[in-house]
Every structure is written in structure tokens, then in C-alpha cells.
Amino acid sequence: MFSVVLFIIISAYVYTRYNFLKAKNFKPDQSRAKNILDLRPAIIAKLQQVVKDGSDGLYVLSIQKLGIDVLAAKLDAANASITVDTVAMLQLDKLKKLPDDIFKIKFASLHIDGIGLEDLINKKHIAISAIYCNSPLIEVYHKNRTYNKAIRKASDTLSLYRRIKGQATSIVIGKINIGKGTFINHNLDKKPHLTQFNVLSIVMKDLLIDSTTQYDTNRFLFTKYTAIECNNYFFRTPDSLYFFKIGSIQVSGEQHKIIATDVELTPRGNKRQFESRLSVRKVMLHLTFPKIALSNINWWSMINRERFIAKEATINHGSFYVYLDRSLPFGPFKINNFPQQVLMNIPVPVSVRKLTLHHLDVSLEEFNPDSKESGTTFFDDINGTAENISNVRAEIKKARYLTVNAKSLFMHKIPMAAKFRFDLSRYRTGEFTADIFMDTLNNTIVNPIAKPLGLFNVRTGQMQTGFAHLEGNDFTIKGTVALNYTNLHIDPLKKNKNNGGKLKKKTFTGLFANIFLIKNSNPGKGNDLRKPTFSVSRGKHSNFISFIWFSILTGILKTIGIPVKLVLN
């Protein structure tokens with residue numbers, strides 16, 4: 001989109017230069033002239049007529065102050081604006097001539113060095129030393145109009161140079177400096193439709209548009225050096241439940257890299273306020289990332305939510321918090337919500353060859369109405385990679401699997417590793433495999449989540465190692481679990497009606513289970529390690545994480561010899 005804005009600015013300049021003396025009519029306001037030799041009112045009037053004629057009456061130019069120093073080759077404009085004539089806009093739309101992008105532009109000051117009257121009128125080679133623009137406000141109202149489809153297709157296949165070469169053989173600008181700008185994009189085809197960039201600054205050096213640079217991939221927007229930075233980028237999500245914020249965005253043109261800092265997806269309010277907007281059970285998310293780096297990316301398409309194509313992405317530190325209140329009723333059951341299915345259903349092209357995670361913390365909190373308590377599962381210091389993140393069909397034909405490999409600390413202490421493989425070519429049925437490994441685990445680690453969420457305590461016991469292999473789809477997960485543990489004793493829990501609903505031991509059930517059901521060690525004396533197979537149906541497990549966890553829990557309980565219902569009821 002920025003290239004489009006640049007094209008419009010340059011095209012306007014070229015049009016002004018070659019059509020400056022061809023405006024149909026203009027009436028200068030001579031009352032503003034300082035003397036009879038003051039040509040500024042006449043120049044302003046002619047520029048206004050050029051803008052009007054060149055846009056079929058759509059745009060109206062206003063310049064409060066204009067200064068031209070012919071000897072010093074300088075031009076200064078102050079408090080200028082380009083606004084829309086609504087009557088002309090409606091008429092152009094009726095005639096099917098209204099463009100897809102409508103602009104409103106204001107700026108406090110514009111200064112151009114190295115420009116002269118001859119440069120404006122005669123030369124086929126445009127050369128300007130520098131352009132400085134202060135405090136511009138640029139608003140774009142975008143809507144894909146069906147009658148412009150052919151024009152859009154033609155514009156996509158033409159380079160900027162090929163569009164202007166009939167009027168100029170080359171354009172050279174030494175430096176462009178835009179400071180303290182605000183850019184607002186109103187995308188009327190999408191919800192939410194507002195995208196805003198604040199405190200926008202752009203520095204471009206050595207801009208050259210000619211036959212040698214029209215396809216030069218070593219240049220960014222035809223420049224050898226471009227640096228773009230903006231602060232306080234934000235938008236509200238389509239469901240109005242979250243704000244997405246970025247503290248600052250830095251674009252390095254020559255490195256084809258974007259660095260975003262203080263990235264946050266934050267709920268609109270606390271847990272109670274969030275749930276007040278819900279009628280059914282839904283997770284609440286809160287994501288914070290101090291720094292995200294993207295390389296080889298079309299930065300404007302990404303920010304404008306039109307396309308997300310990058311070679312590599314890196315996330316350093318950050319947190320991922322998930323909260324679920326199980327007291328809320330189930331909503332309509334949806335099965336097509338596995339990670340690869342969510343990716344494939346994104347309405348814009350997405351492709352990231354490799355995502356690298358460094359020191360990410362994840363916490364999953366659930367409130368259980370049966371225990372009236374919350375339990376939080378922690379995965380700290382996650383380091384890993386995800387490769388082939390793509391919903392582009394051509395790329396999936398070449399590489400069909402999205403793979404995730406990561407290591408972390410479970411409940412702040414226990415080393416664990418996981419590998420997931422999602423089949424993108426069979427995403428409609430949700431095909432995936434998973435391998436999960438966990439190191440030494442004891443009751444002090446398990447009980448903070450086992451008591452509130454599973455209604456049981458591990459009285460004694462220690463797991464030396466644990467491994468699970470899963471193969472699943474939208475409807476079923478099959479797998480094996482191998483747990484190496486010793487001296488296991490479990491206390492099932494239930495509500496104590498005489499003590500405000502607090503939990504107490506199921507004494508008889510626990511005694512019966514520990515004596516007759518639970519296999520206290522694996523392997524048992526003189527036996528091989530038990531590795532039971534299991535199969536679990538989707539049931540009411542609407543999301544991927546809960547389905548995975550229930551499957552692993554089923555394998556664990558089958559290994560230790562206790563029915564799932566005995567623990568969960």
C-alpha cells in the first residue's frame with residue numbers, strides 16, 4: 001500500500017509538471033498577492049485546477065501558504081490539504097469511474113530542495129535533492145469496486161516505471177523525510193475496517209525509478225535505504241473481545257526486515273467483564289511479546305491484514321495466557337478448529353518457512369465448578385521451532401507437513417519435550433501425530449492441578465520418565481503411553497456438603513482403588529514396562545488442547561489401572 005501512495009505522489013508530480021500549462025481554467029485570488037509581481041496566488045489557483053481536472057473533480061486542493069525561491073531552487077507549502085468533493089464522488093461512482101482508494105491528505109509543511117520552473121515544465125529527467133514533509137495526516141478509504149476489477153489486474157502486472165515512462169525517463173530523489181505523520185486506513189471491505197499508524201516517520205535515500213531499477217530486488221520501494229517507524233499501532237478484533245496493540249514497528253528496507261516491539265493481544269476488561277460478553281464457554285487469551293522479528297516480508301500487506309508472507313520469524317521471550325471457565329455452558333460444537341484447520345481457514349495467504357521461539361512462557365488456567373477452584377498448568381522457558389506454516393496450496397504440494405519441535409519446563413521445574421506434525425494436505429479431517437516426553441515427576445508437582453481440575457490427590461509416588469505417542473484426527477485419538485513410576489497411591493476427592501463444598505477424600509473409594517485397582521509401580525516386579533494402547537473419541541472436547549490432554553490422561557489411568565470415571569466423578 002505504501003508503494004501505491006508513493007506512486008500517487010510521484011504521478012501527481014509528473015502530471016503537474018507536464019500538464020501545468022494545460023489546466024482548463026483557473027481564477028487566482030489576487031487579493032492575497034503582495035504586489036503585482038507576486039505570482040503565488042496564480043500558481044496556487046493553477047495547481048488547484050490541475051488537481052480538479054486530473055481527478056475528474058474528485059479532489060479539492062487547498063494551500064494556505066506557498067513560497068517559491070527560483071534562484072535557490074526551493075519550494076515551500078504550509079497548511080495544505082486535499083479533500084473530497086462528495087458530489088463529484090457520488091457522480092463518479094454512478095458512472096463507474098470512482099477509484100478503489102479515496103485519499104484525504106493534510107500536512108503542516110512541505111519543503112522541496114532542488115526544484116525549478118524548468119524542471120517542472122521541460123525536462124524528461126526529474127531530479128530533486130530532497131523532500132521534507134512535517135506532520136502529515138493521510139487517510140485512505142479502500143473498497144474493491146467490482147467495476148475496477150480489470151484496472152486492478154492491469155495495475156498488478158505493471159511496474160511503477162512502466163506506468164510513468166511515457167512522461168519521464170527517470171526520477172531521482174536524493175532524500176525523502178516524513179516526520180510525525182499519522183496514517184489511517186479505512187478498509188471498507190473488512191471488519192474491523194480501521195487501521196491507524198501514529199507518530200509515523202519515514203526516511204528514504206537514493207530513490208531512483210528508471211529502466212534499470214524497475215525490477216531491482218536489492219532496492220526497497222526503489223531506494224537504496226528506507227527506514228520506517230511508527231508507534232502505538234492498534235486495532236480491535238472483529239469479535240470486539242480484544243485489542244491488538246504494537247508499541248513500535250520498525251521497517252528496514254534494505255534488510256527486508258520488520259521488528260515489532262511490545263506486541264500484545266489483550267482482552268477488553270478482566271475475566272468477569274470478558275465473560276459478561278459471552279453466552280457460551282470460550283477461552284480468554286492474553287498474549288504479550290516484547291519483540292518479534294520478521295524477515296523477507298511484505299510489511300504493509302501484513303499490517304493491513306491482506307497477506308502474511310515471510311521467510312523467517314523470531315519471537316524472543318513473551319507470555320501466552322489462556323483462561324477457561326468450565327461453569328459456562330457449551331456452545332455449538334465445532335470440530336474444525338485444530339491448529340492446521342485454523343491456519344487453512346485464514347482468509348488471506350499465510351506462509352512462514354520457519355518460526356523460532358526463545359524463552360516463551362505459557363500458562364493454562366481453568367476454573368472447575370465442581371471444586372470451585374482454579375488450576376493452572378505452566379510451561380516455562382519454551383524454546384523451539386515451527387516450520388512450513390502455510391495455507392498456500394502450491395507450497396503445501398511441495399511440503400505437506402507443518403512441524404513443531406519444542407522443549408520447556410513443566411510446572412516450572414520438570415524438563416519436557418514435544419513434537420507435533422500436522423498434515424496440511426489432509427487438514428479437512430485434522431490428521432496429526434504427536435510425541436511427548438517428560439522427565440522425573442512427583443506428587444508435589446502434580447497436585448496443584450490434579451486437585452482442582454481432576455478431583456484427586458497423589459498421596460505418594462514418583463514418575464521417573466513418561467512418554468506418549470498420539471495419532472489423531474477430528475474424531476479420534478489413538479496412542480500409547482509409557483510411564484516408569486514407583487510407590488503410587490491416589491486419593492479421589494469429592495465435595496464436603498457440611499463444610500461449604502470444600503473437597504474431602506473419598507475414603508472407601510480411595511482405599512478400594514489403592515488396594516484392588518491401582519498398579520503401584522511400572523514395571524512391576526519381574527515384569528516388562530506396561531505400554532497400553534488406547535483410543536478416545538472426540539466427545540465434548542471442543543478444542544485441540546483439551547482433546548490432547550484427555551487422551552493422555554486416559555492412557556495414564558489405563559497404565560495405573562484405574563477407570564477414568566472413578567477419578568473424574
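Since the model is a prediction, treat every value here as computed from it, not as a measurement. Numbers here are sequence positions counted from 1.
Judged as a side chain to side chain donor-acceptor pair (under 3.5 Å), and not counting sequence neighbours, Asn388 has no contacts. Listed by chain and number, the residues in a ring-ring contact (aromatic ring centres under 6.0 Å, His included) with Phe467 amount to none (sequence neighbours excluded). In this structure, the side chain to side chain donor-acceptor pair (under 3.5 Å) partners of Ser248, at least two apart in sequence or on a different chain, are Thr261. A search for ring-ring contact (aromatic ring centres under 6.0 Å, His included) contacts involving Phe534 returns nothing, not counting sequence neighbours. Residues passing the ring-ring contact (aromatic ring centres under 6.0 Å, His included) test with Phe274, sequence neighbours excluded: Tyr242. Residues satisfying the side chain to side chain donor-acceptor pair (under 3.5 Å) test with Asp262, not counting sequence neighbours, are none. For His412, the ring-ring contact (aromatic ring centres under 6.0 Å, His included) partners are Phe378, not counting sequence neighbours.
At a cut-off of 3.5 Å, with distance as the only test, no side-chain donor of Asn198 or Asn231 sits close to an acceptor on the other residue. Donor-acceptor pairing under 3.5 Å is recorded for the side chains of Gln341 and Asp474. Thr376 and Ser363 share no side-chain donor-acceptor pair at under 3.5 Å.
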| Please walk me through it: do Met438 and Met463 pass side-chain contact (heavy atoms from CB on, under 4.5 Å)? | CA-CA 9 Å; Met438 187 174 294; Met463 182 186 77; 4.2 Å; yes

| field | Worked verdict on Phe432 versus Ile548 for side-chain contact (heavy atoms from CB on, under 4.5 Å) | value | CA-CA 11 Å; Phe432 77 95; Ile548 290 284; 3.6 Å; yes

| task | Under the side-chain contact (heavy atoms from CB on, under 4.5 Å) rule, what do Phe422 and Thr403 come out as? Steps first, then yes or no, please. | result | CA-CA 6 Å; Phe422 302 96; Thr403 61; over 6 Å; no

| task | Start with the C-alpha gap between Ile259 and Lys291, add the side-chain angles, then the distance that decides, and say whether side-chain contact (heavy atoms from CB on, under 4.5 Å) holds. | result | CA-CA 7 Å; Ile259 296 177; Lys291 181 179 178 181; 3.9 Å; yes

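Ser390 places a side-chain N or O within 3.5 Å of a backbone atom of Val392 that can act as its donor or acceptor partner. Side-chain N or O atoms of Asn391 include one that pairs as donor or acceptor with a backbone N or O of Leu343 at under 3.5 Å. Without hydrogens or angle criteria, Lys143 side chain to Asp101 main chain gives no donor-acceptor distance under 3.5 Å. Under a 3.5 Å cut-off, the side chain of Glu275 and the backbone N or O of Arg272 do not form any donor-acceptor pair.
Phe547 and Phe338 have tilted rings, their planes meeting at an angle from 30° to 60° on a 0 to 90° scale.
Among pairs with a residue in residues 347-369, those fulfilling ring pair (Phe, Tyr, Trp, His ring centres under 6.0 Å) read His317-His359, at least two apart in sequence or across chains. Residue pairs meeting the side-chain hydrogen bond (donor to acceptor under 3.5 Å, both in side chains) criterion with at least one partner in residues 464-473, sequence neighbours excluded, are Asp435-His469, His469-Glu471. The salt bridge (Lys or Arg N to Asp or Glu O under 4.0 Å) contacts involving residues 357-368 comprise Lys271-Glu365, Arg326-Glu366, where partners must be two or more places apart or lie in separate chains. Pairs of residues two or more places apart, or lying in two chains, that qualify as side-chain hydrogen bond (donor to acceptor under 3.5 Å, both in side chains) and include a residue from residues 475-487 are Tyr485-Arg530. Legend: salt bridge (Lys or Arg N to Asp or Glu O under 4.0 Å) pairs involving residues 388-406, not counting sequence neighbours, sorted by first then second residue: Arg400-Asp423.
Counting non-hydrogen atoms of neighbouring residues, nucleotides and ligands closer than 6.0 angstrom, the CG atom of Leu529 exceeds 12 such neighbours. Counting heavy atoms of neighbouring residues, nucleotides and ligands inside a 6.0 Å radius, atom CG of Asn527 exceeds 12 of them. By the neighbour-count criterion of 12 heavy atoms within 6.0 Å, atom CZ of Arg353 is sparsely surrounded, having that number or fewer from other residues, nucleotides or ligands.
Distance check: Lys407 NZ to Phe437 CZ gives 10.0 Å after rounding to the nearest 0.5 Å. If you take CG on Leu355 and OG1 on Thr314, they are separated by 7.5 Å, rounding to the nearest 0.5 Å. Going from atom CD1 of Ile414 over to atom CG of Leu409 covers 8.5 Å, rounded to the nearest 0.5 Å. Summarising the geometry, atom OG1 belonging to Thr429 is positioned 8.5 Å from atom CD belonging to Gln340; distances are rounded to the nearest 0.5 Å. Separation of atoms CG (Leu200) and CD1 (Ile138) is listed at 7.5 Å; rounding is to 0.5 Å. Between the CZ atom in Phe379 and the CG atom in Leu360 there is a gap of 12.0 Å [rounded to 0.5 Å].
At least one side-chain heavy atom of Arg277 sits less than 4.5 Å from a side-chain heavy atom of Arg268.
Both the sub-6.0 Å distance and the 45° axial angle are satisfied by Arg421 relative to the ring of Tyr401. A cation-pi contact, defined as under 6.0 Å to the ring centre and within 45° of the axis, links Arg281 to Phe330.
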